[in-house]
There are 2 protein chains.
Amino acid sequence: MTRRDDIKAETRELILQAAHSLFWEKGAEKCTIRGIAQEAGVSAATIIVHFKNKTALLEAVLSEDIEETLSGALGTLPRDAGLQATLLHIATAMVNFYDHNRELYRVLIRDTLFEPSHESPSISKMDSEYFPIVAAIIDREKAAGKIRKEVDSLLASQAFFSLYIGQIREFLRTPEMSVSTTLNHMSNILDLLFNGMYIQEDNS
Amino acid sequence: MTRRDDIKAETRELILQAAHSLFWEKGAEKCTIRGIAQEAGVSAATIIVHFKNKTALLEAVLSEDIEETLSGALGTLPRDAGLQATLLHIATAMVNFYDHNRELYRVLIRDTLFEPSHESPSISKMDSEYFPIVAAIIDREKAAGKIRKEVDSLLASQAFFSLYIGQIREFLRTPEMSVSTTLNHMSNILDLLFNGMYIQEDNS
DNA sequence: TACATACATTAAACATGTTTATCATATATA
DNA sequence: TATATATGATAAACATGTTTAATGTATGTA
């Protein structure tokens, strides 16, 4: 229950490090399993045994940084920030993060977003972790009388996510699109949604 | 300029028919270029010469029906339908259409949505054709005093598209999600957006 | 008509993700 | 300690998308 597991974990780590290095250096599509295997000092078959397929390896390599960025953004939230500011804060962190290597994240999202959730567990953790957090903020704002009571929190979270992904898509597949332009669009689109979600103050 | 081109067009048609038949029968991922080539009576290399890669072939096979469905929906619009009803009308047509073979369209959208627009011209025609149409409707409603003047028509179109794709994603990757549930969500999400977009009648 | 060129087609080769059958060894058991 | 079993690792094979180099023929030209 120890020795063998240690070696296995070590092998896994070797693969992850080699993959991380090569993915970042050459991009996901230019990297081959054989190349990563060589860099890690293992066989190609070993990689598949550990990670099931190339996409799963890419996900394993990138998901840690993504989660760190996301939780970092959640941790640096301005105290008492409203929902709209919160969402823009998160989006800002993520766009700046993805900008470090657009091609890499483009391939990751492309290859995981439309898969059934059990195929890409790291990514779809968002469904189970991120949505409830946003939904909770919405409920708090509802209690504070800022958001209409009829709004379905979960549905609204999904709507935010859809709008977010839509912009991320444009950002990742359009090299000439700058971070600031993207965030501007993001902000304007949030405005669009919120001006309906917030209760108008001058009712009756 | 004739004889040779005719033969080429004929070959192309043979490939398209074989691909259409096999894609629908076995799904895109279970189909091989060699299998389609055999069914069409040509070589695998010929298919690549005609269509560049497997995704482009899939796109060529499916895009005609998609465009037909979309223009069909646009053609059966209730006269003087408002924007919200129009969008739901289109979404209804598309969801019912995709339901005929979710797996096939899932793979198509997955493999094209995050590619640069020049890689999948048929799909990204939406950017240049569909968006202006919706934007025009928005402008009309602005002129009619139903939508706030400050709303950016193009940005709003993109927002609709993002929300639409977000729901389509859930629909295509979740087998147990029914058409009616999907359309319910779609309708509710549109409500969310519109209740901010429409001018509140009781201002001041 | 005879010939040169362009080009549609293809067989074979190639690249690469993945599977399979085998080997070696750590672990458990007697 | 000696033996059996479970399993991590791997080489080789396989499947399939794509490229390459070669072939034959339609088209244009003399």
Side-chain angles (χ1 to χ4, degrees), chain A residues 1-20 22-23 25-62 103-104 107-108 110-112 115 119-120, chain B residues 1-20 22-23 25-62 103-104 107-108 110-112 115 119-120:
Chain A
M1 196 102 95
T2 11
R3 179 75 183 285
R4 219 171 167 126
D5 286 353
D6 283 353
I7 292 177
K8 189 176 181 183
E10 217 168 284
T11 301
R12 185 189 153 93
E13 209 49 45
L14 283 175
I15 296 170
L16 279 174
Q17 284 172 19
H20 191 281
L22 288 184
F23 278 146
E25 181 188 326
K26 313 179 5 180
E29 302 191 298
K30 293 269 177 68
C31 276
T32 67
I33 300 268
R34 283 171 180 78
I36 295 170
Q38 184 162 22
E39 175 89 8
V42 301
S43 79
T46 300
I47 294 187
I48 298 294
V49 167
H50 276 258
F51 292 97
K52 176 183 168 192
N53 59 39
K54 192 183 174 184
T55 297
L57 174 59
L58 182 64
E59 191 182 359
V61 165
L62 299 183
E103 179 60 12
L104 206 46
V107 171
L108 173 70
R110 181 196 65 193
D111 289 346
T112 56
E115 296 304 309
E119 287 288 331
S120 48
Chain B
M1 198 100 94
T2 11
R3 177 74 183 286
R4 220 173 167 124
D5 286 353
D6 281 355
I7 293 176
K8 191 176 180 182
E10 217 167 283
T11 301
R12 186 189 153 92
E13 209 49 45
L14 283 176
I15 295 170
L16 280 175
Q17 284 172 19
H20 191 281
L22 287 185
F23 278 147
E25 181 188 325
K26 311 178 7 181
E29 302 191 298
K30 292 270 178 66
C31 276
T32 68
I33 300 268
R34 284 170 178 79
I36 296 170
Q38 183 161 24
E39 174 90 7
V42 302
S43 79
T46 299
I47 293 186
I48 298 293
V49 168
H50 276 258
F51 293 97
K52 178 183 167 192
N53 59 39
K54 192 182 173 184
T55 297
L57 174 59
L58 182 63
E59 191 182 0
V61 165
L62 299 183
E103 179 59 15
L104 205 47
V107 171
L108 173 71
R110 181 195 66 194
D111 290 345
T112 56
E115 296 304 309
E119 287 288 332
S120 49

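Numbered from 1 within each chain, the chains take letters A, B, ... in sequence-line order.
One cannot find a donor-acceptor pair under 3.5 Å joining the base of C:dT27 and the side-chain atoms of A:Arg4.
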Collect all protein-nucleotide pairs involving nucleotides 15-19 of chain D in which both atoms are nitrogen or oxygen and the distance is under 3.5 Å.
residue: D:dG17; atom: OP1; partner: B:Cys31; partner atom: O; Å: 3.3
residue: D:dG17; atom: OP1; partner: B:Lys54; partner atom: NZ; Å: 3.0
residue: D:dG17; atom: OP2; partner: B:Ile33; partner atom: N; Å: 2.7
residue: D:dG17; atom: N7; partner: B:Arg34; partner atom: NH1; Å: 2.8
residue: D:dG17; atom: O6; partner: B:Arg34; partner atom: NH2; Å: 2.8
residue: D:dT18; atom: OP2; partner: B:Lys54; partner atom: N; Å: 2.9

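Between A:Ser43 and D:dA9, a side-chain N or O to OP1/OP2 separation shorter than 4.0 Å is absent.
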Under 3.5 Å donor-acceptor pairs involving side-chain atoms of residues 40-52 of chain B, not counting sequence neighbours:
residue: B:Ser43; atom: OG; partner: B:Ala45; partner atom: N; Å: 3.4
residue: B:Ser43; atom: OG; partner: B:Thr46; partner atom: N; Å: 3.2
residue: B:Ser43; atom: OG; partner: B:Thr46; partner atom: OG1; Å: 3.0
residue: B:Lys52; atom: NZ; partner: B:Glu119; partner atom: OE1; Å: 2.9

Identify every side-chain donor-acceptor pair in residues 26-39 of chain B under 3.5 Å, counting partners at least two apart or on other chains, and give the distances.
residue: B:Glu29; atom: OE2; partner: B:Arg110; partner atom: NH1; Å: 3.4
residue: B:Glu29; atom: OE2; partner: B:Arg110; partner atom: NH2; Å: 3.1
residue: B:Thr32; atom: OG1; partner: B:Gly35; partner atom: N; Å: 2.8

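DNA chain D is contacted by no residue of residues 10-20 of chain B, taking any non-hydrogen atom closer than 4.0 Å.
A:Asp6 places its CG atom 13 Å from the P atom of C:dA26, with the value rounded to the nearest Å. The interatomic distance linking A:Lys8 (NZ) with C:dT25 (C1') rounds to 15 Å, in whole Å. B:Phe51 places its CZ atom 11 Å from the P atom of C:dT9, with the value rounded to the nearest Å. Remark: P of D:dT25 and CD1 of B:Ile7 are 11 Å apart, rounded to the nearest angstrom.
A distance of 12.5 Å separates NZ of B:Lys8 from CG of B:Asp6, quoted to the nearest 0.5 Å.
Rotation axes derived from the C1' atoms of the five outermost pairs at either end of the helix from C:dT1-D:dA30 to C:dA30-D:dT1 lie 10° apart, to the nearest 10°.
A salt bridge (Lys or Arg N to Asp or Glu O under 4.0 Å) check over residues 10-20 of chain A, counting only residues at least two apart or in different chains, returns nothing.
Across A:Phe23 and A:Leu57, no two heavy atoms sit closer than the pair CE1-CG, 4.1 Å.
Shown are B:Thr55, B:Val61, B:Leu58; of these, the side chain to side chain contact (heavy atoms under 4.5 Å, CB included) with B:Leu108 is made only by B:Leu58.
Looking only at side-chain heavy atoms (C-beta outward), B:Glu103 and B:Val107 come within less than 4.5 Å of each other.
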